[in-house]
Amino acid sequence: MKKNYDTCIQRPDHSQQKRIYLASPHMSEEGYEIAWVQEAFQTNWISPLGENVNEFEKQLALMVGSKAAAALSSGTAAIHMALKAAGVGKGDIVFCPTLTFSATANPIIYQQAVPVFIDSDKATWNMSPQALEEAFRKYPNVKAVLVVHLYGLCADMDAILEICQKYNVPVIEDAAESLGSLYKGMYTGAIGDYGVYSFNGNKIITASGGGMLVSDHEERIAKVKFWSAQSRDPARHYQHSELGYNYRLSNIMAGIGRGQLNVLEKRIEKKKYIFEFYKRELSRLKCIEFMPVNEWNEPNYWLSVMTLKGNACPLKVIEALEGEEIESRPVWKPLHLQPYFKAYDFIGSNVSESLFEQGICLPSDTKMSDTDLEKVVETIKNAVNGHAAV
Ligand SMILES: *Cc1c(COP(=O)(O)O)cnc(C)c1O
């Protein structure tokens, strides 16, 4: 069948969307993304090399204040390469928060290393500095610390870095959910030794998939680019002295990502508006509390998350929302409770577990209208009705 390219190249039409999503791709009205993709077509740079890849790396590094960046096929690949760059190998211990997506910890296993899971801090929902201290006392020979900035909230980096520097252990930030979040004026992902971003479809900006590793260790980033392109030695014939990976980002996808960088600030603004809308309308209910936003923290509000206290049941609320074609989901199930990871050590108490039991991620899609937001609020109010103490 002959395709009509004139009808293929269109601006996005968001009016078709009926279901209310947690977070779905939001291309610019201006068409920045499609313009860079078209240019890649016209110049035939349909490969994991090209101007879009170079510019995407350069602009992101410049924005967050890192010296170098490597565009990779996913955030997971970027975490894998960060661990390898930090020297993590077989049998090495890596501290990792328990309250996160499994993609944070899987690359530790790819490297045949051993995760030790750390509990959350009530004040940040992220890695508890107290539990981290305790973990260092138990495993002083730890090789690296992976910190996550969950839902766009910042971990307490000063407290965490102080402990890690005392033991001289490198810090990797999983900033997959927190691109644009500021900790005391610094971009998350550019505070520790290595930082990872994700451009998966549900993240604050997307390249339909993809990731980025940033660092001030320029020679390590050069090495990551080498490993990610099959570790080809500089020889005319195919020669390999190291294990290789096929992890580079395609120039097509980098075009989407490059275009999306133009709208990051706009997306953060809307995400913040959504959070403040929910907070204003729902915090009057005694059983509802919202995620903590500390004064040193300027989050990107990737997802608005609330917790339910008392008898109010998160699953009932999630089901009530689903009945109205509204997507929501529980907070991440802690990794030390996952069947695959349960054999590994866990340091802490029950903070992450209670966040899992009480938390709900609310729809935070930047294409939502006020009418959509009101519908979510009304559905939640009705669902917790009876538990909503006056
Ligand atoms: C999305 C996500 C990842 C993985 O990123 P991908 O690009 O999907 O591989 C890693 N960690 C966290 C916390 C995430 O939310």
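Positions are given from 1, in the same order as the sequence printed here.
- Between Y245 and W227, the ring center distance fails the sub-6.0 Å criterion.
- Side chains of P115 and I109 form a contact here, defined as non-hydrogen atoms less than 4.5 Å apart.
- Note that the CG atom of N54 and the CG atom of L49 stand 8.0 Å from one another [nearest 0.5 Å].
- We find that K58 and E55 are joined by a salt bridge, their nearest charged nitrogen and carboxylate oxygen being less than 4.0 Å apart.
- The aromatic ring centroids of F95 and Y167 lie 6.0 Å or more from each other.
- With respect to the salt-bridge test (charged N to carboxylate O, under 4.0 angstrom), the residues K375 and E325 do not qualify.
- Using a 4.5 Å cut-off on side-chain heavy atoms (C-beta onward), L321 and V376 make contact.
- Residues L153 and V147 do not share a hydrophobic cluster, clusters being chains of Ile/Leu/Val/Met/Phe/Trp/Tyr side chains in contact below 4.5 Å.
- Between Y344 and F117, the two ring planes are perpendicular [angle over 60°; tilted spans 30° to 60°].
- Remark: side-chain polar atoms of S228 are not paired, donor with acceptor, to backbone N or O of R248 under 3.5 angstrom.
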Using the salt bridge (Lys or Arg N to Asp or Glu O under 4.0 Å) rule, take E242 and K223 through it: C-alpha gap first, then chi angles, then the decisive distance, then the call.
-> CA-CA 11 Å; E242 288 189 67; K223 193 79 197 197; 2.7 Å; yes
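- Summarising the geometry of D121 relative to P129, their closest heavy-atom pair is OD2-CD, 3.7 Å, with the distance given to 0.1 Å.
- Under the 4.5 Å side-chain criterion, counting only non-hydrogen atoms from C-beta, Q260 is not in contact with H26.
- Looking at L335, V331, L337 one by one, the single match for side chain to side chain contact (heavy atoms under 4.5 Å, CB included) with K333 turns out to be L337.
- Not a single donor-acceptor pair under 3.5 Å links the side chain of N382 to the backbone N or O of T379.
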Begin from the C-alpha positions of M157 and E173 and carry the test side-chain contact (heavy atoms from CB on, under 4.5 Å) through to its verdict.
-> CA-CA 10 Å; M157 290 306 288; E173 296 176 81; 3.9 Å; yes
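- Using cut-offs of 30° and 60° for the angle between ring planes, the W125 and Y151 rings count as perpendicular.
- Ring-plane geometry between H80 and Y110 is classed as perpendicular, the angle between the planes exceeding 60 degrees on a 0 to 90 degree scale with a lower cut at 30.
- Remark: the backbone N or O of S181 is not paired with any side-chain donor or acceptor of S178 at under 3.5 angstrom.
- Using a cutoff of 4.0 Å between basic side-chain nitrogens and carboxylate oxygens, K271 and E177 are not scored as salt-bridged.
- A salt bridge links E322 with R19: at least one charged nitrogen is closer than 4.0 Å to a carboxylate oxygen.
- No path of Ile, Leu, Val, Met, Phe, Trp and Tyr side chains, each step under 4.5 Å between heavy atoms, connects M212 with L72, placing them in separate hydrophobic clusters.
- Side-chain atoms of H240 and R232, non-hydrogen and from C-beta on, do get closer than 4.5 Å to each other.
- More than 12 heavy atoms of other shown residues, nucleotides or ligands fall within 6.0 angstrom of atom CD in E276.
- With values rounded to the nearest 0.5 angstrom, K18 atom NZ is found 10.5 Å from D372 atom CG.
- To the nearest 0.5 Å, atoms NZ (K381) and CD (E374) are separated by 9.5 Å.
- Checked by atom type and distance alone, the side chain of K367 pairs as donor or acceptor with a backbone atom of P25 at under 3.5 Å.
- Taking the side chain as every heavy atom from C-beta outward, K225 and E57 approach each other to under 4.5 Å.
- Rounding to the nearest 0.5 Å places CG of D119 at 8.5 Å from CG of L99.
- Panel note: side chain D365, backbone S24; a donor-acceptor pair is recorded below 3.5 Å.
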Can you check side-chain contact (heavy atoms from CB on, under 4.5 Å) on V145 and M127, steps first, answer last?
-> CA-CA 10 Å; V145 175; M127 183 181 268; 4.0 Å; yes
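- A donor-acceptor distance shorter than 3.5 angstrom exists from the side chain of W302 to the backbone of N202, with no hydrogens or angles considered.
- Taking 4.5 Å as the limit, some side-chain heavy atom of C361 sits within range of a side-chain heavy atom of V305.
- Considering all non-hydrogen atoms of both residues, D174 and L146 come closest at CB-CD2, 4.2 Å.
- In the hydrophobic clustering of this structure, Y247 groups with L83; members are Ile, Leu, Val, Met, Phe, Trp, Tyr whose side-chain heavy atoms approach within less than 4.5 Å, directly or through other members.
- With hydrogens and angles disregarded, a donor-acceptor distance shorter than 3.5 Å links the side chain of K270 to the backbone of M368.
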Hey, mind stepping through D156 and N294 against side-chain contact (heavy atoms from CB on, under 4.5 Å) and telling me if it holds?
-> CA-CA 10 Å; D156 190 355; N294 295 290; over 6 Å; no
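- Ionic pairing of K138 and D345 is present here: one or more N-O contacts between side-chain nitrogen and carboxylate oxygen are shorter than 4.0 angstrom.
- Contact detail for A86 and Y194: the closest heavy-atom pair is CB-CE1, 4.0 Å.
- Annotation: side chain of M27 is in contact with side chain of T206 (closest heavy-atom distance under 4.5 Å).
- Taking both residues in full, the closest heavy atoms of L308 and C313 are given as CD1-C, 3.9 Å, listed atom of the first, atom of the second, then distance.
- Rounding to the nearest 0.5 angstrom, the gap separating the CH2 atom in W332 from the OG atom in S352 is 14.5 Å.
- For the pair R220 (side chain) and A85 (backbone), a donor-acceptor distance under 3.5 Å is present.
- Between H336 and F346, the angle of the ring planes stays under 30°, which puts this pair in the parallel group of the 30/60° scheme.
- There is no path of hydrophobic side-chain contacts, each under 4.5 Å, that joins F356 to F290.
- Listed for the N52 side chain is no donor-acceptor partner under 3.5 Å among the backbone atoms of M253.
- By the 6.0 Å and 45° rule, R280 stacks over the aromatic ring of F277.
- Contact record, G152 with N300: CA-OD1, 3.1 Å, taken as the closest heavy-atom pair.
- Two residues are said to be in side-chain contact when any heavy atoms from C-beta on lie closer than 4.5 Å; V293 and Y301 meet this criterion.
- We find the OG-CG distance between S120 and L355 to be 5.5 Å, quoted to the nearest 0.5 Å.
- Considering every non-hydrogen atom in both A103 and T76, the closest pair reads CB-OG1, 3.6 Å.
- Neither Y32 nor L249 shares a network with the other; the hydrophobic side chains, linked directly or stepwise wherever heavy atoms of I, L, V, M, F, W or Y lie under 4.5 Å apart, form separate groups for each.
- Between E30 and K266 there is a salt bridge, with a side-chain nitrogen of the basic residue lying less than 4.0 Å from a carboxylate oxygen of the acidic one.
- D216 contributes a side-chain N or O that, together with a main-chain N or O of K67, makes up a donor-acceptor pair within less than 3.5 Å.
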Would you please test F56 and F199 for ring pair (Phe, Tyr, Trp, His ring centres under 6.0 Å) and show each step?
-> CA-CA 12 Å; F56 192 27; F199 308 105; 4.9 Å; yes
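- Taking the six-membered ring where the residue is Trp, W296 and Y183 present perpendicular rings, their angle passing 60° and hence far from 30°.
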Verdict with supporting geometry, V377 and Y278, side-chain contact (heavy atoms from CB on, under 4.5 Å) | CA-CA 7 Å; V377 164; Y278 286 139; 4.0 Å; yes
